[in-house]
Amino acid sequence: MNFYPDLIAVHCAELVLKGRNRAGFTDRLVQQIGARLTSIGLHWPIRHRGARLLIEIGAERDRLAQALQALGEIPGIAAYFPAQSCGWDLAGEDEDSLANGPVRTLLLDLARTLHRPGARFAVRVERHTHERAISARRLEHEWGRAILEETPWPGVNLSDPDCVFHVALHPEGVLVYARRHTGLGGLPVGSSGRVLALLSGGIDSPVAVFLMARRGCTVNCLHFSANYLDRDRADTTPVGRLAAQLSRYTQRLDLTVVPYTAFDLALTGPPDGYELVLFRRFMVRVAEQLARTQRATALVTGDSLSQVASQTLENLTTLNAVATRPIFRPLIGFNKQEIIDFGRKIGTYDISIEPYKDCCALIARRPKTRSQPDRLTALEAKRLPDYPDLIDTVLGESIRLRFVAGRSAGAP
Ligand code: ATP
Ligand code: MG
């Protein structure tokens, strides 16, 4: 007989900390898992069991790998594993009947299914029940011996096994499984409020978006483009594809693309090295206005301290001065290589390094690394005299695209 998982157990992350809000968090997670599975055509029922969810694997068991991949992209999940359940009421059970009952048969099936020549195994029993008469240690021993005697597995290795057979004893039933997948952790999207992220086509800002989504924020993005994008083809540009990839983690993501031609045209006077900081302040001002209409509480950027000229402590402070909302910079203390490694893991790095023109044209050969807010305000009054009008113009020229669970979903 073969071992066939009939459900996926999902352990929620951090929900233990949430006291009375816990039910809301779990409901949100259930809803997001349900929506995500539905988006790939799987209508598998989900049951609540405290800090655990149980997803019943339906008739489409050949799609299990796809379902597992989707679960690996949903914030709020600590761990998940396909398991076979054994509806065994543990109340009043003792070790002998448990050791020789149906769990043993399941475990032997699992061991036969996963047998690899030369590999060593361990049996781990987790006790989530208070039945006094059951000792996890003894069951591990009994079942380990049964596997050695009745299957081709040659030996046990408790400290560094090639394969672990898990048995989780819950009051309402027993789960048998082998592979435990680590989830993203964090909190379900939507449980920490809404933010607007400035998304460039670069390496850093996509990672910043991911980190905010993993902490439970609903994230929408704003991109400044050197060109007017064709609405029908915007989702095939690098920034459109970055947004699509990020929507695997944010679940849903609205991307507003603003062409900044009007800024270039409005900027008067000869170059003085402040253009980049002026442009960054312009981005923040436009973002503020958009955040107001989208009811986003904070802005997010991919700044990392002193990575480039516009990210010195002085320049970042100068940017904060034009925002009324907090600007979150989750990468502020990251090294570039750490950001690259992260980008690779979340599947954005390869898109980020494709050639793409965003605001490079504005970078003076010697951009100023120091700037005071007052000086810049005076400079803005001189070089960009009609600021409110400029912001209305660029937002009027913007397009908005929606992405859901990794795919373009057209205009919102
Ligand atoms: P990234 O890799 O995220 O582009 P970077 O190292 O190129 O970052 P900058 O170009 O100074 O650094 O950008 C700093 C931050 O400003 C970015 O992380 C992003 O949040 C925002 N930003 C820069 N360019 C754009 C743009 N064209 N549209 C929207 N936001 C942008
Ligand atoms: Mg950039």
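None of the values given here were measured: they were computed from a predicted structure.
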Are any side-chain N or O atoms of [X] and backbone N or O atoms of [Y], one a donor and one an acceptor, separated by less than 3.5 Å?
{"X": "Glu275", "Y": "Gly273", "result": "yes"}
{"X": "Ser247", "Y": "Thr250", "result": "no"}
{"X": "Arg63", "Y": "Ile40", "result": "yes"}
{"X": "Gln32", "Y": "Val189", "result": "yes"}
{"X": "Asn157", "Y": "Ser159", "result": "yes"}
{"X": "Gln311", "Y": "Ser304", "result": "yes"}
{"X": "Asp230", "Y": "Asp232", "result": "yes"}
{"X": "Thr377", "Y": "Pro373", "result": "yes"}

Starting at [atom1] of [X], measure out to [atom2] of [Y] and round the result to the nearest 0.5 Å.
{"X": "Asn320", "Y": "Arg325", "atom1": "CG", "atom2": "CZ", "result": "14.0 Å"}
{"X": "Leu107", "Y": "Thr151", "atom1": "CG", "atom2": "OG1", "result": "9.5 Å"}
{"X": "Thr113", "Y": "Tyr4", "atom1": "OG1", "atom2": "OH", "result": "8.5 Å"}
{"X": "Ile327", "Y": "Leu316", "atom1": "CD1", "atom2": "CG", "result": "8.5 Å"}
{"X": "Glu142", "Y": "Arg137", "atom1": "CD", "atom2": "CZ", "result": "14.0 Å"}
{"X": "Leu196", "Y": "Cys221", "atom1": "CG", "atom2": "SG", "result": "7.5 Å"}

Begin from the C-alpha positions of Arg214 and Glu73 and carry the test salt bridge (charged side-chain N to carboxylate O under 4.0 Å, His left out) through to its verdict. CA-CA 9 Å; Arg214 194 175 64 167; Glu73 295 172 345; over 6 Å; no
Beyond-backbone contact of [X] with [Y], side-chain heavy atoms, under 4.5 angstrom:
{"X": "Ile8", "Y": "Phe81", "value": "no"}
{"X": "Gln289", "Y": "Leu395", "value": "yes"}
{"X": "Phe279", "Y": "Tyr274", "value": "no"}
{"X": "Val322", "Y": "Glu288", "value": "no"}
{"X": "Leu255", "Y": "Leu222", "value": "no"}
{"X": "Asn220", "Y": "Val195", "value": "no"}
{"X": "Arg280", "Y": "Asn315", "value": "no"}
{"X": "Ser225", "Y": "Val239", "value": "no"}

Evaluate the criterion side-chain contact (heavy atoms from CB on, under 4.5 Å) for residue pair Glu56 and Ile46; output intermediate values, then yes/no. CA-CA 6 Å; Glu56 283 173 38; Ile46 307 172; over 6 Å; no
Would you call [X]-[Y] a salt bridge at under 4.0 Å N-O?
{"X": "Arg61", "Y": "Asp6", "answer": "no"}
{"X": "Glu380", "Y": "Arg285", "answer": "yes"}
{"X": "Asp254", "Y": "Arg400", "answer": "yes"}
{"X": "Asp162", "Y": "Arg120", "answer": "no"}
{"X": "Arg124", "Y": "Glu140", "answer": "no"}

side-chain contact (heavy atoms from CB on, under 4.5 Å) between Phe403 and Arg252, intermediate numbers included: CA-CA 6 Å; Phe403 299 86; Arg252 192 173 94 178; over 6 Å; no
Candidates Ile203, Val209, Ile353, Leu246 - the one meeting side chain to side chain contact (heavy atoms under 4.5 Å, CB included) with Thr348: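 Only one of Ile203, Val209, Ile353, Leu246 forms a side chain to side chain contact (heavy atoms under 4.5 Å, CB included) with Thr348, namely Leu246.
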Option among Ile346, Ile340, Ile339 that satisfies the side chain to side chain contact (heavy atoms under 4.5 Å, CB included) test with Phe342: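 Result: among Ile346, Ile340, Ile339, Ile346 is the only option passing the side chain to side chain contact (heavy atoms under 4.5 Å, CB included) with Phe342.
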Considering non-hydrogen atoms only, spot the tightest contact between [X] and [Y] and give its length.
{"X": "Phe121", "Y": "Pro161", "answer": "C-CB, 4.0 Å"}
{"X": "Leu29", "Y": "Cys12", "answer": "CD2-SG, 3.8 Å"}
{"X": "Tyr80", "Y": "Gly72", "answer": "OH-CA, 3.3 Å"}
{"X": "Ala262", "Y": "Val394", "answer": "CB-CG1, 3.7 Å"}
{"X": "Tyr249", "Y": "Lys345", "answer": "OH-O, 4.4 Å"}
{"X": "Gly333", "Y": "Glu338", "answer": "O-OE1, 4.4 Å"}

Do the two ring centres, one from Phe282 and one from Phe224, sit under 6.0 Å apart?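 Ring-ring flag for Phe282/Phe224: true, centres closer than 6.0 Å.
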Please step through side-chain contact (heavy atoms from CB on, under 4.5 Å) for the pair Arg104 and Leu108, ending with a clear verdict. CA-CA 6 Å; Arg104 180 182 192 272; Leu108 291 173; 3.8 Å; yes
Side chains of Gln337 and Asp341: donor-acceptor distance under 3.5 Å anywhere?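 The criterion, which ignores hydrogens and geometry beyond distance, is satisfied for Asp341 and Gln337.
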Let me see the working for Ser398 and Val257 under side-chain contact (heavy atoms from CB on, under 4.5 Å), right down to the final yes or no. CA-CA 5 Å; Ser398 68; Val257 182; over 6 Å; no
More than 12 non-hydrogen atoms from neighbouring residues, nucleotides or ligands closer than 6.0 Å to [atom1] on [X], yes or no?
{"X": "Arg138", "atom1": "CZ", "answer": "yes"}
{"X": "Arg407", "atom1": "CZ", "answer": "no"}
{"X": "His128", "atom1": "NE2", "answer": "yes"}

Quick one, Ser200 with Ser205, criterion side-chain hydrogen bond (donor to acceptor under 3.5 Å, both in side chains). Give me CA distance, side-chain angles, the key distance, then yes/no. CA-CA 6 Å; Ser200 73; Ser205 44; 3.1 Å; yes
